Amino acid sequence: MDVAYVESVLRLVEAVPPGCVTTYGDLAEMVGRGGPRQVGSVLARHGSGVPWWRVIRADGRPTDALAERALRRLADEGVPVRAGRVPLASARWRPGPESLPDRLL
DNA sequence: TCCGTGACTTTAT
DNA sequence: CATAAAGCCACGG
């Protein structure tokens, strides 16, 4: 896993605005390389410095080990949470061309 | 090479 | 709507 890839992922996560969420799969697609699991891998090792709680799974739930912490922070910043799950249909972040870090390297 | 592992996803029950 | 099974991708032993 090279540095360029890691930085691309971290930059995107940093670009997710408060009150919104995104998924591992979406990030993978934006980066254009690797898959959801690779994105998860990056956050697991180097995600301490970015808003990791805004990255959740495709089913709207944060990864199991971090569910408590993530859901509380999300709720704190106004993200709707129902039954331990975020309604992606409404809270999912859809970056406009100018909000994207773009030139990802 | 083969195999297990993981901050995952999709499809089928 | 909840679960299970299979698929997927990169890494390391």
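Every chain is numbered from 1 and lettered A, B, ... according to where its sequence line falls, protein lines coming before strand lines. From a predicted model like this one, the values you see are computed outputs, not experimental measurements.
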### Message
Less than 3.5 Å apart, any donor N or O on the side chain of A/S41 or A/R37 sitting next to an acceptor on the other?
### Response
no
#### Entry: Nearest atoms (heavy-atom pairs only) where A/G34 meets A/Y5
CA-OH, 4.2 Å
### Message
When you compare the side chain of A/P18 with that of A/R54, does any pair of heavy atoms fall below 4.5 Å?
### Response
yes
### Query
Where along residues 38-61 of chain A does a heavy atom fall under 4.0 Å from DNA chain C?
A/Q38
### Message
Without decimals, in angstroms, what is the distance between A/R69 CZ and B/dA7 P?
### Response
13 Å
### Query
When rounded to the nearest Å, what value does the distance between C1' atoms of C/dG13 and B/dA7 take?
23 Å
### Query
Is there a side-chain contact between A/D2 and A/V6, using heavy atoms and a 4.5 Å cut-off?
no
### Summary
When rounded to whole Å, the CG to P distance for the pair A/D64 and B/dG6 reads 13 Å
### Message
Other residues, nucleotides and ligands only: do more than 12 of their heavy atoms fall within 6.0 Å of CD on A/E29?
### Response
no
### Task
Grab the two heavy atoms, one from A/G47 and one from A/L10, that are nearest each other, plus how far apart they are.
CA-CD2, 4.4 Å
### Query
To the nearest angstrom, how far is A/R33 atom CZ from B/dC8 atom P?
20 Å
Polar-atom pairs under 3.5 Å, protein N or O versus N or O of nucleotides 2-8 of chain C: list them with distances, or write none.
residue : atom : partner : partner atom : Å
C/dA2   : OP2  : A/R85   : NH2          : 3.3

## Note on the structure
Here the pair of heavy atoms bringing A/E14 nearest to A/P51 is CA-CD, 4.1 Å
### Contacts of type side chain to side chain contact (heavy atoms under 4.5 Å, CB included), residue A/P36, not counting sequence neighbours
A/Y24, A/A28
